[in-house]
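Below is one structure; the comments refer to it alone.
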Amino acid sequence: MLAWFLFLSITVSVVVYAVWVSPSRTFLFLNSISKSVKNIMGWGNIYRRRMKVFTAALIIYLDYKAVQQRGKWTSKSKRNALWEKAHERNAKRVLSLIIKLEGLWVKLGQYLSTRADVLPEAYISLLKQLQDSLPPRPLKEVCRTIQKEFGKSMDDLFAEFVEKPLATASIAQVHRATLLNGQEVVVKVQHDGIKAIILEDLKNAKSIVNWIAWAEPQYDFNPMIDEWCKEAPKELDFDHEAENTRTVAANLGCKKSPGESYSSNRVNVLIPEVIQSTKSVLILEYMDGIRLNDTASLEAFGIDKQKIVEEITRAYAHQIYVDGFFNGDPHPGNFLVSKEAPHCPILLDFGLTKKLSSSLKHALAKMFLASAEGDHVALLSAFSEMGLRLRLDMPEQVMEITSVFFRSSTPATEAQQNLKSLAEQREKNMKAIQEKLQLNQKEVKRFNPVDAFPGDIVIFGRVLNLLRGLSSTMNVRIVYMDIMKPFAEAVLGNINKTPAANAQWIYNTPVHSDVETKLRQLLVELGNNDKILGIQVCAYKDGEVIIDTAAGVLGRYDPRPVQPDTLFSVFSATKGITAGMLHWLVDNGKLKLDENVANIWPEFRGNGKEHIKVHHILNHTSGLHNALADLRGENAFLMTEWDACLKLIEASQPETEPGKQQLYHYLSFGWLCGGIIEHASGKKFQEILEEALIRPLKIEGELYVGIPPGVEARLANLTLDTDDLKKLSEMRNRAEMPSTFQLNNISELAEYLPAFFNMLNVRRAIVPAANGHCSARALARYYAALADCGVVPPPHSSASNPPLGSHPHIPKFPSKKTDEKQKGKVDGGVKNERSDGRQNIYIRIEEDDDDDEEKCSKSSRDTSKGGGPENKKGKIFSNPRVHEAFMGVGEYENMCLRDGVFGLGFRRLKSKDGDGSYSGFGHSGMGGSTGFCDVKNRFAMAVTLNKLSFGGVTAKIVELICSELNLPLPEGLSGSGDINRPLIN
């Protein structure tokens, strides 16, 4: 029950909390307040207001502490009654204090009165009268204000003016009246002197918040109070409110002309028409309605409270996500329900509104949708766009907290259970932070995980809390994810996705050749037909770049453009990278292709695997094609655990005799190769990747197997081409595929692939068969080198921006001296920015031990300075016939199954209408991303995309480019009309 006190002590007066945790600092602070007030104003009204707050809060604190102690000696049956009486006493104290103080304190009381989801019923029932039932100001004062503002007498303005106000709230009171022309209106009149009180209360609140930030750095509410100080004074200008009212009414379509069309997300609400306004008086159309707290009348009119609150929520979703202009004060006193059927919500009071920039509106929509879909990458991208930066890298906890923010509301009857659940969630997150940072209890309590908080989203957060409180007060349950989703989707769902809607759909980079011009025309055609979301295409001919095009957007809900350095998930195209690493070790004498795997990897021995050789693994003939088939469904997340997957490989048993049957090792291939790579080299997988390929090819920051923190802003988001998915059911099974990976299995698998591989913890995992992230220009450069027997091509086109290889491979986070008040070893307040304006949202935490990737990077630099042995300068392979090993021809022919589709780690490519010989090799991934080369013609290309289309788009691109260059079409990568050969390996 002490939780109630904690909540109240912070909201009613954070000074009480300060006394509790740091009495010496508190009294120093109070003394400083005393001195400053004496100096400036003497022992005046302002100081007395502060002392009233402090005294009341101290009494409440001592009361709850006494009840807490008594509760220890009271039976459980009587304990609840003890607390209920305490809540009633203290709720009366709070109400009495607020009525005396008026001003900003009434606003606070109104906010508390809506939080039925977290406050006891005693507070809700008493404080709700603050919404519109405060003691009215004298009629004489009201008339004086009206006459002063309009320069006319009451008789010259109104035929009738009702003395008793309809409602009295924090800033004004409302009277019913009739104009001289007979129109019924309401007149909102600002309280005399309220402006000075509100402004002074804001100064007081700012002083208290500054002190909290000094005494308890983890509770720095300055961004919130700064935003409030900026927005709240606008509420005192009724001309401003009148304009806001007209704007929101027009946005929501409340005053449509006959025959004017409505949007698909129309909301059914009413807003009174503005008749006239001045700075302190507002005259509005009178609408007869029922207050939301008038339960008896709502029931008498047969009004469905659930539908009313849902429609209010829809109205706010429209204001926030569609209009970017919303009312910031949705407490119950600002709504009525029309008495005439159909009963619609009437929206009132638009004094406090917030206008969002287009970019912030998009970021908020993306944050909502990312939370709804569990997309960590999109969520972090949204945070970056809105300027929210964190001091630690814990994406799972960030997602949980955001999901709580958009959680469904609960009826007031479940308030206590809801508060307990939130407290448990917070405790769980703090424990995770403590373990990650290795902080003690005192340090973790002082740790603030937020480095930068954008003030622009303060009012947004307030609105969501008020809406949640409104639904709890009305005893209804609102599922915000369902109600708000269509509005967020309307903002991002179609924005700039097609070339027809976006003149910059093709990213602005120079054209390298005539064929690139024709390619871009094809991409525009495919984009307008909704076959492309985001794509990159890069091609080399004779060692030179001839195509380097990026087009489209990063995701279904991410309208940022695809750029040349965007990172795409390429699925099984990763296998071609992993195979190249293993061949690199062979080339460096670390192992042999005909060597038994068990000799390299002792734990691999057993269960009939003694005779499996390295070339069996590369050729997909080891018999272990189903070794990790269980890593699907409920066990899918196990594939993110490197050591666990290696142990599964060690315990596996071949289903066929090695070398006898070629069946695609769709998952096991990666860990089989990965285990060999690590055991043969004595180094980590990531270390060999960087040493063998990344640095020699100068593709730093654009090719990963498992991404590091810091590259999230460059990730493309996966989605599915549902039309292509339907076609899979019409396709025939394929002989080279194992029984667990036939087309019917793939169809089921593809439905959850985007959601699964969009998860940040999955993207960060080392899954060497399926989790490569790269740009097309990095992948094409890799294959251009392989086509030339390992010769590194000349530097990539200088026209590319940013230049290839300009990113740090493992991003380093700048640091600055930590504020002495901030405990814990944290670098705070520094952006990790790039020249193009994009920034990372994490600030790196300094830990005692380097993480694995940093160790790998350091070790690699120490052992491989200069990029390898002298005789390999400018080459990643010294074997002049290494491409024959890739294809499994020549002296390597006996290591491959005759007529199999795979060579040693790569898919072998024959030219259509050729002589039947192999002309090249490559590897495709689920959805169409691919990289390949034609050795005979010194041609290499790569396609990366984020709309999984099973190869139709890729095939058309390959056909066009090969046709324009007069190159033979490679079988398996072309022939877009062949429905039975989707690109899945």
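Keep in mind that the numbers below use all heavy atoms, side chains included, and drop hydrogens, waters and symmetry copies.
With Gln306 contributing its side chain and Arg477 its backbone, the two residues share a donor-acceptor pair below 3.5 Å. Not a single donor-acceptor pair under 3.5 Å links the side chain of Glu311 to the backbone N or O of Pro345. A distance-only check finds no donor-acceptor pair linking the side chain of Ser96 to the backbone of Arg93 [under 3.5 Å]. With hydrogens and angles disregarded, no donor-acceptor distance shorter than 3.5 Å links the side chain of Tyr480 to the backbone of Thr313. Under a 3.5 Å cut-off, the side chain of Arg176 and the backbone N or O of Lys164 do not form any donor-acceptor pair. Under the 3.5 Å distance criterion, the side-chain polar atoms of Lys361 are matched with a main-chain donor or acceptor of Val322. Not a single donor-acceptor pair under 3.5 Å links the side chain of Asp349 to the backbone N or O of Asp329. A donor-acceptor contact shorter than 3.5 Å is absent between the side chain of Thr178 and the backbone of Glu160. Between the His175 side chain and the Glu163 main chain, a donor and an acceptor come within less than 3.5 Å of each other.
When all heavy atoms of Gly328 and Leu466 are compared, the closest pair comes out as O-CD1, 4.1 Å. What you find for Asn244 and Phe325 is that their closest heavy atoms are OD1-CZ, 3.4 Å. Of all non-hydrogen atoms in Phe238 and Leu282, the two that sit nearest each other are CD2-N, 3.8 Å. The nearest pair of heavy atoms linking Ser338 to His343 is O-ND1, 2.9 Å. Among all heavy-atom pairs drawn from Gln147 and Met154, the shortest one is OE1-N, 3.3 Å. Listed here is the closest heavy atom pair of Arg137 and Gln173: N-OE1, 2.7 Å.
The side-chain heavy atoms of Phe161 and Val142, taken from C-beta on, include a pair separated by under 4.5 Å. Under the 4.5 Å side-chain criterion, counting only non-hydrogen atoms from C-beta, Phe158 is in contact with Ile146. Looking at Pro272 and Ile346, their side chains come closer than 4.5 Å, going by heavy atoms from C-beta outward. Put simply, the side chain of Val337 reaches to within 4.5 Å of the side chain of Leu292, judged on heavy atoms. Looking only at side-chain heavy atoms (C-beta outward), Pro135 and Thr168 stay at 4.5 Å or farther from each other. The shortest distance between side-chain heavy atoms of Met474 and Leu298 falls below 4.5 Å. With contacts defined as side-chain heavy-atom distances shorter than 4.5 Å, the pair Glu241/Thr353 does not qualify. At least one side-chain heavy atom of Leu284 sits less than 4.5 Å from a side-chain heavy atom of Val274.
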Between Asn90 and Tyr123, does a side-chain hydrogen bond (donor to acceptor under 3.5 Å, both in side chains) hold up when you go through it step by step?
CA-CA 8 Å; Asn90 290 313; Tyr123 285 90; 4.6 Å; no
What verdict does the side chain to side chain contact (heavy atoms under 4.5 Å, CB included) test give for Ile459 and Phe326, after you've listed the backbone C-alpha separation in whole Å, the side-chain angles of each residue and the deciding distance to 0.1 Å?
CA-CA 9 Å; Ile459 307 297; Phe326 60 93; 3.8 Å; yes
Kindly determine whether Gln319 and Asn251 satisfy side chain to side chain contact (heavy atoms under 4.5 Å, CB included), including the steps that lead there.
CA-CA 8 Å; Gln319 291 175 65; Asn251 289 343; over 6 Å; no
Lys355 and Thr247: CA distance, side-chain angles, deciding distance, side chain to side chain contact (heavy atoms under 4.5 Å, CB included) verdict
CA-CA 11 Å; Lys355 183 173 179 59; Thr247 299; over 6 Å; no
Taking it one step at a time, do Lys354 and Phe460 satisfy side chain to side chain contact (heavy atoms under 4.5 Å, CB included)?
CA-CA 8 Å; Lys354 181 66 183 176; Phe460 169 76; over 6 Å; no
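In this structure, Trp83 and Tyr64 have parallel ring planes: the angle between them is below the 30° cut-off, well short of the 60° mark.
Interatomic distance, Ile275 CD1 to Ile283 CD1, rounded to the nearest 0.5 Å: 8.0 Å. Asp239 contributes atom CG, which lies 10.0 Å from atom CD of Gln276 (distance to the nearest 0.5 angstrom). For the atom pair CG of Asn293 and OG1 of Thr473, the computed distance is 9.5 Å after rounding to the nearest 0.5 Å. Distance check: Ser277 OG to Asp237 CG gives 8.5 Å after rounding to the nearest 0.5 Å. Note that the CG atom of Leu348 and the NE2 atom of His331 stand 9.5 Å from one another [nearest 0.5 Å]. The CZ atom of Phe335 sits 6.5 Å away from the CG atom of Asn327 when rounded to the nearest 0.5 Å.
For Glu340, the salt bridge (Lys or Arg N to Asp or Glu O under 4.0 Å) test picks out no residue, with sequence neighbours left out. Under the side-chain contact (heavy atoms from CB on, under 4.5 Å) criterion, Val174 pairs with Leu166, Val186, Lys188, not counting sequence neighbours. Remark: Gln183 engages no residue in a side-chain hydrogen bond (donor to acceptor under 3.5 Å, both in side chains) (not counting sequence neighbours).
Within a 6.0 Å radius of NZ in Lys307, other residues, nucleotides and ligands contribute 12 heavy atoms or fewer. Within a 6.0 Å sphere centred on NZ of Lys195, other residues, nucleotides and ligands contribute 12 heavy atoms or fewer.
Checked against Thr278 for a side chain to side chain donor-acceptor pair (under 3.5 Å), the options Glu149, Gln190, Lys148 give a single hit: Glu149.
A salt bridge is defined here as a Lys NZ or Arg NE, NH1 or NH2 lying under 4.0 Å from an Asp or Glu carboxylate O, and Asp63 with Arg89 meets this definition. The pair Glu243-Arg246 meets the salt-bridge criterion, with a side-chain N (NZ, NE, NH1 or NH2) lying under 4.0 Å from an Asp/Glu carboxylate O. Salt bridge annotation for Lys85-Glu88: absent, with no cationic side-chain nitrogen under 4.0 angstrom from a carboxylate oxygen.
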